[in-house]
Number of protein chains: 2
Amino acid sequence: MPASQAVLPTKERILGAAEELFARHGFEGASLRQLTAAAGVNLAAVNYHFGSKDRLIEEVFRRRLDQLNGRRMAALQEVSGQPDTTIEGVLAAFIVPALELSHDGSGSLFMRVLARAFAEHDDTLRRFLSENYGHVMRQFTAEFARLLPHLSKEELYWRVDLVTGALTHAMSGFGMIQRKSDVPEQQHREQTAQHLIRFAAAGLKSP
Amino acid sequence: MPASQAVLPTKERILGAAEELFARHGFEGASLRQLTAAAGVNLAAVNYHFGSKDRLIEEVFRRRLDQLNGRRMAALQEVSGQPDTTIEGVLAAFIVPALELSHDGSGSLFMRVLARAFAEHDDTLRRFLSENYGHVMRQFTAEFARLLPHLSKEELYWRVDLVTGALTHAMSGFGMIQRKSDVPEQQHREQTAQHLIRFAAAGLKSP
DNA sequence: CGTATGCTCAAACGATCGTTTGATTCCTCG
DNA sequence: CGAGGAATCAAACGATCGTTTGAGCATACG
């Protein structure tokens with residue numbers, strides 16, 4: 001077992017390089033040779049530490065989704081179930097952790113990976129995401145249902161789904177809106193959150 | 001030059017199979033060998049008729065985007081510039097042609113291809129889409145600006161972008177909402193359009 | 001009829017893919 | 001010190017990729 005050291009251990013370096021290259025070139029487009037070269041490790045290290053490329057992909061997801069789920073649930077606990085809970089507050093608990101994750105230094109490209117995974121339509125990956133995401137989405141949906149009692153279950157599902165689409169689109173950065181070079185990253189993130197929350201809140205509240 | 005015949009000509013058969021396989025497995029995931037086998041043509045036919053796989057991908061896009069652009073522009077002409085033009089009407093002109101295209105018999109998978117292309121983040125493809133989409137988006141945005149004069153240009157861009165995200169998400173079918181087997185396709189399409197228009201109109205109109 | 005021309009075909013090309021192997025190095029612990 | 005497991009390494013494996021080749025077939029035209 002390797003002792004703690006100044007440079008990151010091999011596993012972490014592979015995960016970091018994988019996240020970036022998967023975001024940039026896709027899961028099939030990024031080869032293990034590019035990946036291990038970028039990480040500065042031997043080609044065989046991926047199969048030694050992870051077993052296969054597919055299991056590496058899973059690990060890339062698991063690491064970030066655990067963070068995201070944790071932060072979202074914590075934020076939801078803070079604002080939900082209160083008499084003064086607002087749609088905007090619940091939306092912020094849903095949106096802000098995702099924006100933070102998508103813009104913090106090392107994991108800045110993970111939301112692109114996630115958007116790719118959505119687009120891939122792979123059933124194995126869908127099941128994996130559903131298992132790790134399912135209970136979180138259900139908690140948020142339940143809170144929305146409490147705040148929007150006049151909406152039918154089907155109507156609510158639709159709207160939450162459309163909110164997710166707008167969020168995914170905005171975060172993965174393929175829209176027209178790009179951060180201008182003279183705007184600090186944190187400010188841009190706050191602006192993004194504000195626009196998203198206002199837009200989504202209006203859509204959800206629509207009679 | 002081949003005469004008109006009962007079976008589709010080779011070029012068309014390749015384009016059809018390509019659309020389906022690109023949607024299902026991605027651009028890199030679908031090989032020319034799978035593709036030509038599915039189309040019932042020889043492996044070399046792709047390079048003979050299209051020059052390369054990349055140019056085939058371009059042709060798949062061009063064919064459907066021309067349809068989509070044409071229908072959207074025609075629908076926009078019908079409803080725009082009138083004193084009684086509504087947000088909902090313009091949204092319908094934007095949304096309904098896309099839903100029709102994404103669900104009509106042969107081209108049913110193209111919107112998935114488009115969603116993939118968005119996620120790919122490839123600059124060449126982005127430029128190509130911008131060249132073929134740009135003027136259409138500008139026309140729609142101009143009409144929204146006329147109907148929502150209180151919104152700043154930046155605010156409007158943001159909201160149109162979020163509408164696009166919700167539409168792309170809903171159409172590519174990775175959301176929770178799936179057509180139930182006992183609902184006819186046309187009815188499901190109309191429901192999708194209604195939900196999308198109501199949600200997006202509320203988001204756009206938000207003060 | 002003979003000959004261009006458009007098209008299809010099986011076969012092969014070199015490159016690159018994910019994975020495996022077996023030797024070698026590194027570090028720990030008896 | 002020396003044994004032994006963990007980790008790394010260069011090299012090779014078979015498979016598959018996009019593309020090219022050159023022969024063969026069909027149809028149209030003089």
Side-chain angles (χ1 to χ4, degrees), chain A residues 1-62 113 116-117 120 122 124-125 128, chain B residues 1-62 113 116-117 120 122 124-125 128:
Chain A
M1 187 166 41
S4 66
Q5 48 191 24
V7 296
L8 291 171
T10 299
K11 261 184 126 172
E12 297 299 321
R13 283 203 277 163
I14 292 175
L15 284 170
E19 191 167 73
E20 175 162 345
L21 287 175
F22 287 155
R24 224 180 281 284
H25 305 113
F27 302 112
E28 315 207 47
S31 75
L32 292 184
R33 284 172 177 80
Q34 294 172 5
L35 201 155
T36 50
V41 303
N42 188 270
L43 167 63
V46 168
N47 284 277
Y48 178 79
H49 285 286
F50 296 94
S52 71
K53 185 180 183 179
D54 283 336
R55 298 246 291 279
L56 168 62
I57 295 176
E58 272 198 29
E59 276 305 305
V60 169
F61 275 95
R62 193 180 301 276
V113 179
R116 267 185 188 279
E120 293 276 344
D122 179 69
T124 307
L125 211 49
F128 177 83
Chain B
M1 188 166 40
S4 64
Q5 48 192 23
V7 296
L8 291 171
T10 299
K11 260 184 130 171
E12 296 299 321
R13 284 203 277 163
I14 292 175
L15 283 170
E19 190 167 76
E20 175 164 345
L21 287 174
F22 287 156
R24 225 180 279 286
H25 305 114
F27 302 113
E28 315 207 47
S31 75
L32 292 185
R33 284 170 177 81
Q34 296 172 6
L35 201 156
T36 50
V41 304
N42 186 270
L43 168 62
V46 168
N47 284 277
Y48 178 80
H49 286 284
F50 296 95
S52 69
K53 186 180 183 179
D54 283 337
R55 299 245 293 277
L56 168 61
I57 295 176
E58 271 199 29
E59 274 305 305
V60 169
F61 275 95
R62 192 179 303 278
V113 179
R116 268 184 188 279
E120 293 276 344
D122 179 69
T124 306
L125 210 49
F128 177 83

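All heavy atoms count here, side chains included; hydrogens, waters and symmetry mates do not. Every chain is numbered from 1, with letters handed out A, B, ... down the list of sequences.
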Rounded to the nearest Å, what distance is computed from the [atom1] atom of residue [X] to the [atom2] atom of nucleotide [N]?
| X | N | atom1 | atom2 | answer |
| --- | --- | --- | --- | --- |
| Lys53(A) | dT19(C) | NZ | C1' | 12 Å |
| Phe50(B) | dT20(D) | CZ | C1' | 18 Å |
| Leu35(B) | dT19(D) | CG | P | 12 Å |
| Asn47(B) | dG14(C) | CG | C1' | 15 Å |
| Phe22(A) | dG18(C) | CZ | C1' | 12 Å |
| Glu12(A) | dA7(D) | CD | C1' | 16 Å |
| Leu32(A) | dT20(C) | CG | P | 11 Å |
| Glu28(B) | dG18(D) | CD | P | 9 Å |

> Do Leu15(A) and Leu56(A) have side-chain heavy atoms sitting under 4.5 Å apart?
Replying inline: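 Leu15(A) reaches Leu56(A) side chain to side chain.
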
Using OP1 and OP2 only, check whether a side-chain N or O of [X] sits under 4.0 Å from [N].
| X | N | result |
| --- | --- | --- |
| Asn42(A) | dA10(D) | yes |
| His49(B) | dG6(C) | no |
| Ser31(B) | dT16(D) | no |
| Thr10(B) | dT8(C) | yes |

> Of the nucleotides dT21(D), dT20(C), dT19(D), which has the atom closest to the Ser52(B) side chain?
Replying inline: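 Out of dT21(D), dT20(C), dT19(D), the nucleotide with an atom closest to Ser52(B)'s side chain is dT19(D).
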
>> Side chain of Leu43(B) only, heavy atoms from C-beta on: which candidate in dT19(C), dT8(D), dA12(C) is closest?
In response: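 Selected nucleotide: dA12(C).
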
> Does the pair Glu59(A) and Lys11(A) meet the rule for a side chain to side chain contact (heavy atoms under 4.5 Å, CB included), with working shown?
Replying inline: CA-CA 10 Å; Glu59(A) 276 305 305; Lys11(A) 261 184 126 172; over 6 Å; no

> Parallel, tilted or perpendicular: which fits the ring planes of Phe61(B) and Phe128(B), with parallel below 30° and perpendicular above 60°?
Replying inline: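 Plane angle over 60°, so perpendicular.
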
> How do Tyr48(A) and Gln34(A) order along DNA chain C: which one's closest nucleotide is nearer the 5' end?
Replying inline: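 On the 5' side of the pair lies Gln34(A).
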
>> Main chain of Val46(A), side chain of Lys53(A): is a donor-acceptor contact present, judged purely on distance under 3.5 Å?
In response: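 Between the backbone of Val46(A) and the side chain of Lys53(A) there is no qualifying donor-acceptor contact (under 3.5 Å).
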
>> Does this structure show an ion pair linking Arg55(B) with Glu58(B), if we count only N-O contacts that are shorter than 4.0 Å?
In response: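 Salt bridge absent between Arg55(B) and Glu58(B).
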
>> Closest-nucleotide mapping onto DNA chain D: is Arg33(B) or Ala45(A) further toward the 5' terminus? I mean the 5' end.
In response: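 Checking each residue's closest nucleotide, the 5'-ward one belongs to Ala45(A).
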
